[in-house]
Each structure stands twice: as structure tokens, then as C-alpha cells.
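Order of appearance sets the numbers: ligands from 1, and atoms from 1 within every ligand. Quick note: numbers below take in every heavy atom, side chains included, and nothing from hydrogens, waters or symmetry partners.
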Amino acid sequence: MTNRITIAEAAQHVGETVEIAGWLYNLRKSGKIVFPIVRDGTGLMQGVALKNNLPEDVFENLKHLTQESSLLVRGKLRAEARAPGGYEMDVESVDILQKVSEADPYPITPKDHGVEFLMDHRHLWLRSQRQHAIIRVRHEIIKAVRDYFDNHGFTLVDTPIFTPAACEGTTTLFEVNYFDDEKAYLTQSGQLYNEANAMAFGKVYCFGPTFRAEKSKTRRHLTEFWMVEPEMAFADLEEIKRVAEEFVVYIVGRVLDKRREELKVLERDTTKLEAVQSPFVRMSYDDAVKNLQAHGSEIQWGSDFGGGDETILTQQFDRPMLVDRFPSEIKAFYMAPDPDRPEVALGVDVLAPEGYGEIIGGGQRIHDPELLLRRIEEHKLPKEAFDWYIDLRKYGTVPHGGFGMGIERAVAWICGLEHIRETIAFPRMLYRLRP
Ligand code: 4AD
Ligand code: MG
């Protein structure tokens, strides 16, 4: 039996005869030599198969093998600087598990395909190098997110996905039937439960899928996305901003540290990421509106930024921005008003540079029970569904707050992608539920 390794392990097996299990990525032929490139999910390995070294039928079968056919190849490994991955295999034997039919070839070829075609074949597109790079950066970001909170005294307490009430406004709820005519909604955010957890544990985070029936078709919106949300008891807006900034610097640093190769595949300008250091640009909503007006935006005080506004703002700086104190009117019911200026909320958004815009939203929550009740009424939310949430303000209320970061927004920015659709294996969007 030949020792089976993954391509990523090749460096430790130079000079040995090993087996690699994978799929045919590409094949070059030149007379009595063929160069199969095999992929196994961990990397690419170029084989060198000489007609004279192989049984005739094995050589002929290999020579006519089709893209994405599954196979086992065995041979001796050599270091070879010019080969993809830096190693090459002198092929000694090959087992073909399945030859992809010539009549029905693998649909994704090296030629340019339109994005709709690729999205329709997302289940296959994931095999390409670029998609690998993105998904690996995503994995690193998620690990970094968990490490940051785990190393700073936060306890992971996950929150439910079926919820009886809205967290982020009633216009983007997905409704589901929940037995005996009861309605439930897919969660828009774990925040409300996170607040209960923070009152129990002090500092907590939740991390899971969240859902928004976003009717907008933009490069920033998914209907299902992953959000990490820290929540801290005894924290004010300044502390929330401090944590958000430190957290973003840490994540970008980790990707630079561990995923250089992937960033290279993506042709990411890493100097832009290296510039992501403290202190971030700090700006009030008031000043942001003035800045935008001076740059030709139509925005008036009182309205939310459009996607275009965030682009205008964030193209001016090489670091992320912390924009705070938005008008309470345009923010969620739970946002604490600024005691000195109740028309603005103690909320903050982190906007990523290079035109990316919002990656984090958060702030301080209302901790006064009467005010909270008033807001629930003003927002016409069903009070019964919030009884437990109001309890948190009756039994030992404290100033508290936190934020949420959408993983896909962070991946799009860090990878330098034009559109959010490639940041998750199977994106869900307004017009996309398949595959
Ligand atoms: O600003 P949002 O709506 O804030 C909340 O949900 C708070 N409850 C979070 C908290 O304080 N615990 O959403 C937070 C982040 C956004 O900044 C964005 O990164 C991401 O979630 N996000 C989306 N990502 C992809 N597609 C969408 N439709 C998104 N909506 C929000
Ligand atoms: Mg927001």
C-alpha cells in the first residue's frame, strides 16, 4: 500500500513514493509525455507521466482523461520551483475512479463564463482556485473572530433562529409557520437574546446565520448571512467603539499573517490591508452628512446613508471609519438616545475603506424600562413578545451594548471582491435560491 497524502503535505514527503487522491484539473501533452495537474482540495500537483515508464493502456487512458475525472495517482515527489505548489510527481501508476464523459464534459472550462452561468453552477464553481482562496480567507476570518472574543473574556452563548418578534424592523422579516397557527420569524439578529445573556455572563457573543427579506438587489446584501455579535454589560458607546476597532485590526492582521497565498491568488493589494491600524477615522453622523454634501451627495440630515454615500465617505480615507450618533428616527427601537441630544442615538457603524462601507452596526441599548416601553409602542411592536426583554430592565438594569459584524461583508472587503455573492459557498439573494 502506498502512503496516501494530501497535496498540502507534499513538502514533508520529497523523495518518497506517495498516493494522491483527487480530480484532474488540467492536462498538457507533448508527444511521449503528459503533464496531468491534479487537485485534491488542498492544492495542485503537477504529474510527469512518461510513455516509457507506464504500461501502454495506463498511459493512453491518462492521455485522454477529461477535466474533473476522479483518480488516484502514485509516484515519487520532487521539489520543482516552476511547478504549481513547488513540487512535482513522477507518475508511477494511475487508477481512474470515474472518467467524465466526453459527450457531457465538465461545464466550467478555463474560458470566460458569465457570472450568471457560474452562479447557476455554484456547486461546481467552488472547485476553482479563486473560490478556494475566498473560502479559506473566510475560514480564517471566522477563526480570528472566535479567537478574539475567546481571548478577551467573552463567553459564546448562541441565540435562537426561530423568534416570535422583530429585532431590526418589521419590513425584512421572513415568516414561517410554527405549529397550531402560530407565526415565527427567522432571526434578523441575535441581539435581544444576547442582551439577556450579557446580563447573565457579563460579556458574551453569538455567531450564527441571520435572515433579512431584503428586497434590494445590491452588491452588499444577502437574504441569509452570518453575523457575529458581541454584547457587554456595563459598556458605553466609547467602550463599544474601542472593542470594535481593536477587533477589526486583529482580524485583518490575522488574515495578512496566515493567508498571504490566498490574497495573492485574489490579486488583493495588501498595502491597503496593512494600513488598517488604530486609530480609525472617527466622525459624527452630523459631520458625515456635511462631508457628503460637500462631495455632491443629495443626502439631508435625517436620512440614512445610501450605498453610494458610504462609497463617497470611505474612499477618502485609508482606514476604516467609526461613524456615530445617527438620528434616532432611522435607527432600531432599542437604541439609547444621547442624553445631551435625544434626537440622536448612541449607535455606531464601522465603515470599511475603499468604498466598501458598513461592515459593523451597533451601539448602546436603552436600559431604562419606561423609555423602552415607549419605544416599543412608538414602533408599533407587539408588547407581549417583548415582556422578557423588558424584564432585563426591571431586574438590575445596567448600561450595556455591543455590535454585529456581517461575516460576508468583512470577507468581501478583506478579499477585495466586487460583490458579496462569492463570500459564501451558497449565497441566498433576492433572485437566487438555487443551487
Ligand atoms: O446594522 P445591523 O442591522 O445591526 C444589527 O443587526 C444589530 N442588532 C447588531 C448588534 O448590535 N448586535 O447589522 C449588522 C451587520 C451590518 O453592519 C452588516 O455587516 C451585516 O450585519 N448585514 C448584512 N450583511 C449581508 N447582507 C445583509 N442583508 C445584511 N444586513 C446586515
Ligand atoms: Mg446597520
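- Within the 4.5 Å cutoff, the side chain of Gln188 has no heavy atoms near those of the Phe174 side chain.
- Inclusion of His221 in the set of residues having an N or O under 3.5 Å from an N or O of ligand 1 is not warranted.
- Side-chain atoms of Glu195 and His400 form a donor-acceptor pair, as typed in the model, at a separation below 3.5 Å.
- Among protein heavy atoms, the minimum distance from atom 17 (O) of ligand 1 is reached at Glu358 OE2, 2.6 Å.
- Around atom 10 (C) of ligand 1, the closest heavy atom drawn from Gly404, Gly169, Gly401, Gly190 belongs to Gly404.
- For the 3.5 Å distance criterion, the side chains of Arg122 and Gln131 qualify, holding a donor opposite an acceptor.
- The protein non-hydrogen atom at the shortest distance from atom 30 (N) of ligand 1 is Phe225 CZ, 3.4 Å.
- Where the criterion is an N or O separation shorter than 3.5 Å, residue side chain and backbone included, Ile359 meets it with respect to ligand 1.
- Atom 14 (C) of ligand 1 has its closest protein heavy atom at Met227 SD, 3.4 Å.
- Nearest to atom 28 (N) of ligand 1 among the protein's heavy atoms is Leu222 O, 2.9 Å.
- Other residues, nucleotides and ligands contribute over 12 non-hydrogen atoms within 6.0 Å of the CZ atom of Phe426.
- Atom CD of Glu261 is surrounded by 12 or fewer heavy atoms from other residues, nucleotides or ligands within 6.0 Å.
- Shown in contact with Gly362 at under 4.0 Å from a heavy atom are these atoms of ligand 1, numbered in order with element: 11 (O).
- At under 3.5 Å, not a single nitrogen or oxygen of Gln188, backbone or side chain, sits near a nitrogen or oxygen of ligand 1.
- Residue-level check: among N/O/S atoms of Glu358, OE2 sits closest to the Mg ion (ligand 2).
- In terms of protein heavy atoms, atom 12 (N) of ligand 1 is closest to Glu229 OE1, 2.7 Å.
- Heavy-atom proximity to Ile360, at under 4.0 Å, picks out these atoms of ligand 1: 17 (O).
- Close contacts of ligand 1 with Tyr334, meaning ligand atoms under 4.0 Å from a residue heavy atom, involve 7 (C), 8 (N).
- The aromatic rings of Tyr250 and Tyr148 sit tilted, their planes meeting at an angle between 30° and 60°.
- Of the polar atoms of Gly406, at least one N or O is found under 3.5 Å from an N or O of ligand 1, judged by distance alone.
- With no hydrogens or angles considered, no side-chain donor-acceptor pair links Gln191 and Glu229 at under 3.5 Å.
- Of the protein's non-hydrogen atoms, the one nearest atom 18 (C) of ligand 1 is Arg409 NH1, 3.5 Å.
- By the 6.0 Å contact criterion, NZ on Lys183 is enclosed, its count of non-hydrogen atoms from other residues, nucleotides or ligands being greater than 12.
- For ligand 1, the atoms lying closer than 4.0 Å to a non-hydrogen atom of Arg220 are 25 (C), 26 (N).
- Using the six-membered ring where Trp is involved, Phe117 and His113 have ring planes that are parallel, under 30° apart on the 30 and 60° scheme.
- Scanning the protein heavy atoms around atom 11 (O) of ligand 1, the nearest turns out to be Arg365 NH2, 2.9 Å.
- In this pair, Tyr285 and Phe326 present their aromatic rings tilted. The plane angle is within the 30 to 60° band.
- When each atom of ligand 1 is checked for a heavy atom of Gly361 under 4.0 Å away, the hits are 1 (O), 9 (C), 10 (C), 11 (O), 17 (O).
- Screening Phe403, Tyr193, Phe149 for a ring-ring contact (aromatic ring centres under 6.0 Å, His included) involving Tyr205 leaves a single residue, Phe149.
- Side-chain contact between Pro337 and Val344 is absent, with no heavy-atom pair separated by less than 4.5 Å.
- Looking only at heavy atoms of the protein, atom 13 (O) of ligand 1 is closest to Arg212 NH2, 3.7 Å.
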